[in-house]
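Report on the following structure.
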Amino acid sequence: MNILGPYVSITEAAGVSVHIQPGDGNTMISACSVAVHQNKLTIVKKLTDVHSIEELGKHFHVKQAVALNLTGKGIIQKKIEKTIQIDQSNFSSVLPNAVIDDFYVQNFISGEHSFISVIRRADADRWINHLQKQGLEPMMLSLGAFPVQHILSQINVYGNELIFNGHTIILDEESHWSDYKFKESAVSPFPLKVELESIHEKLLLPYAAAFQMVLADKIDPVRAAVLSVDSALHKTVKKNKLKAQGFLILCLAFVLLLINFLLLSWLNSSNGQLTEQVSRSVQSTDDMHKISDQLQQKERLLKTLGWDGDINKGGLMDQVAALLPADITWNEVAIDPFDLSATRVRKSIVFFNRRIRIAGNSEKIIPVNEWIARIKTKRWVKNAQLDSYTFSSELNTGQFVVLIDY
């Protein structure tokens with residue numbers, strides 16, 4: 001059967017039910033051990049009709065946690081109105097003129113009633129000591145059939161009455177206990193089951209005792225207050241809690257370490273990729289700088305050489321020559337000629353940018369001016385001017401220089 005939640009108080013427990021027969025005082029002992037594994041509770045061991053605690057001790061390992069249940073002779077039970085706490089002031093309603101400190105008291109509340117069970121401390125301590133001598137560890141004491149309350153939902157109960165091994169429980173419409181009685185001859189009229197597993201009716205009480213001890217930290221177990229026994233249970237529960245918390249802390253630490261490892265691995269991988277990208281980017285930047293430097297060097301070289309792109313300078317000369325009057329002759333044509341003054345200042349070769357210098361002869365200046373006027377009609381000409389005109393008596397002709405900016 002499933003156990004809700006990741007934690008139980010005790011992972012393995014044995015329920016031991018001791019029935020003390022009235023009259024001869026003989027005892028009949030039944031035992032049932034349960035274990036919790038992977039959030040499921042299973043019945044591990046079933047023992048019926050054991051005649052002594054010594055015989056019982058042979059079936060369980062040393063330090064086995066035990067939930068002891070006592071029924072029969074020596075146990076007084078009384079049904080009263082619902083009472084939250086039993087102390088000396090109201091104990092007289094259960095046992096007149098008795099001292100509560102002489103007894104172990106169990107108060108089972110169901111609906112509007114309390115079912116009070118008491119046993120003399122000396123009688124209960126004797127059974128507790130018997131178990132301890134066999135190396136077992138009693139951690140809970142319950143009286144009567146009342147621990148069955150916690151397993152009612154697991155049992156195949158038909159109607160409002162549950163009968164088993166002498167016990168008769170009568171339930172009301174709200175499944176509260178309306179009455180309880182014991183008669184040795186009372187037996188279950190049908191086979192009993194705990195969920196899907198068949199169980200002997202003598203094992204119902206020890207199973208219920210073990211069940212409520214396993215889940216002592218989740219439910220309110222039906223038990224008598226016994227300081228030594230309750231203290232042992234408290235220590236064991238606290239120890240198991242520490243173990244469970246320690247295990248959870250270790251699991252959490254492992255998960256955090258795993259996440260940290262995966263995160264670092266991812267970051268290292270990303271860092272490697274980024275480093276590679278940066279390296280490629282730096283290499284690309286260096287290559288671009290080198291190419292840019294080369295281009296600038298070539299541009300400077302072309303500029304030094306006077307290169308003006310893809311202008312067809314020969315074609316420009318043809319157009320200028322086509323406009324030349326018949327009485328003018330050319331002596332010299334220079335495209336982007338040297339700038340002598342700038343060259344001297346900079347101490348490096350400097351050219352006039354996009355300028356044509358034409359030197360020639362003309363007996364008169366008028367044809368030269370007409371020619372310049374024709375040149376200015378060309379769309380590619382920005383400016384055309386006569387730079388100089390001198391008449392040479394030796395050559396008996398004029399010498400001119402025309403500058404054309406394009």
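Small disclaimer: the values here were computed from a predicted structure and weren't measured. Only heavy atoms go into these numbers, but all of them, side chains included; no hydrogens, no water, no symmetry mates.
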- Closest approach of Gly15 to Ala209 (non-hydrogen atoms, all atoms of both residues): CA-CB, 4.4 Å

- Query: His289 and Gln294: side-chain donor and acceptor closer than 3.5 Å?
  - Reply: no

- Query: Is atom CZ of Arg374 surrounded by more than 12 heavy atoms (other residues, nucleotides or ligands) closer than 6.0 Å?
  - Reply: yes

- Between the side chains of Asn353 and Asp336, does any donor sit under 3.5 Å from an acceptor? no

- Query: Quick one: does Gln88's side chain have a donor or acceptor within less than 3.5 Å of a partner on Ala98's backbone?
  - Reply: yes

- Note on the structure: Residues Ala31 and Leu203: closest non-hydrogen pair is O-CD2, 3.4 Å

- Query: Say you draw a straight line from CG of Leu131 to CD of Gln134; how long is it, rounded to the nearest 0.5 Å?
  - Reply: 8.0 Å

- Message: Any donor-acceptor pair under 3.5 Å linking the side-chain atoms of Asn268 with those of Ser270?
- Response: no

- Could you tell me whether His234 atom NE2 has more than 12 heavy atoms of other residues or ligands within 6.0 Å of it? no

- Step-by-step side chain to side chain contact (heavy atoms under 4.5 Å, CB included) determination, Leu41 to Phe211: CA-CA 9 Å; Leu41 185 143; Phe211 179 86; 4.0 Å; yes

- Task: Begin from the C-alpha positions of Glu137 and Lys63 and carry the test salt bridge (charged side-chain N to carboxylate O under 4.0 Å, His left out) through to its verdict.
- Result: CA-CA 5 Å; Glu137 290 192 2; Lys63 301 295 182 180; 3.6 Å; yes

- Query: Does some side-chain heavy atom of Val368 sit less than 4.5 Å from a side-chain heavy atom of Val402?
  - Reply: yes

- Query: With a 4.5 Å limit on heavy-atom distance, are the side chains of Ile116 and Val105 in contact?
  - Reply: yes

- Query: Minimum heavy-atom separation for Ala35 to Val44, with atom names?
  - Reply: CB-CG2, 3.6 Å

- Polar side chain donor-acceptor pair, Tyr207 to Gln212, under 3.5 angstrom: no

- Would a distance-only check, ignoring hydrogens and angles, find a side-chain to backbone donor-acceptor pair under 3.5 Å from Ser265 to Phe261? yes

- Query: Shortest non-hydrogen contact from Glu201 to Val187?
  - Reply: OE1-CA, 3.5 Å

- Mind jotting down which residue pairs meet the salt bridge (charged side-chain N to carboxylate O under 4.0 Å, His left out) criterion with at least one end in residues 45-62? Sequence neighbours excluded, please. Lys46-Glu197, Asp49-Lys202

- Query: Using 30° and 60° as the class limits, which term best fits the ring planes of Trp330 and Trp371: parallel, tilted or perpendicular?
  - Reply: tilted

- Does CD in Gln296 sit with more than 12 non-hydrogen atoms of other residues, nucleotides or ligands closer than 6.0 Å? yes

- Item | Least distance between heavy atoms, Ala13 atom then Ala210 atom | O-CB, 4.0 Å

- Item | Nearest atoms (heavy-atom pairs only) where Ile372 meets Ala384 | CG2-O, 3.6 Å

- Task: Check the pair His200 / Phe164 against ring-ring contact (aromatic ring centres under 6.0 Å, His included), numbers first and verdict last.
- Result: CA-CA 9 Å; His200 197 286; Phe164 66 97; over 10 Å; no

- Message: Within the supplied structure, the quantity of interest is the number of heavy atoms (other residues, nucleotides, ligands) at a distance under 6.0 Å from Leu196 CG; does it exceed 12?
- Response: no

- Give a yes-or-no answer on whether the side chains of Asp293 and Gln297 include a donor-acceptor pair shorter than 3.5 Å. no

- Query: Would you find more than 12 non-hydrogen atoms of other residues, nucleotides or ligands less than 6.0 Å from His59 atom NE2?
  - Reply: yes

Only pairs under 3.5 Å count here: list side-chain donor-acceptor contacts from residues 139-153, not counting sequence neighbours, and write none if there are none.
residue: Ser142; atom: OG; partner: Asn69; partner atom: ND2; Å: 3.0
residue: Gln149; atom: OE1; partner: Trp177; partner atom: NE1; Å: 2.6
residue: His150; atom: NE2; partner: Asp220; partner atom: O; Å: 2.9

- Query: Would you call the rings of Tyr158 and Phe190 parallel, tilted or perpendicular, where under 30° means parallel and over 60° means perpendicular?
  - Reply: perpendicular

- Query: Between Asn383 and Tyr406, do the side chains contain an N or O donor and an N or O acceptor separated by less than 3.5 Å?
  - Reply: no

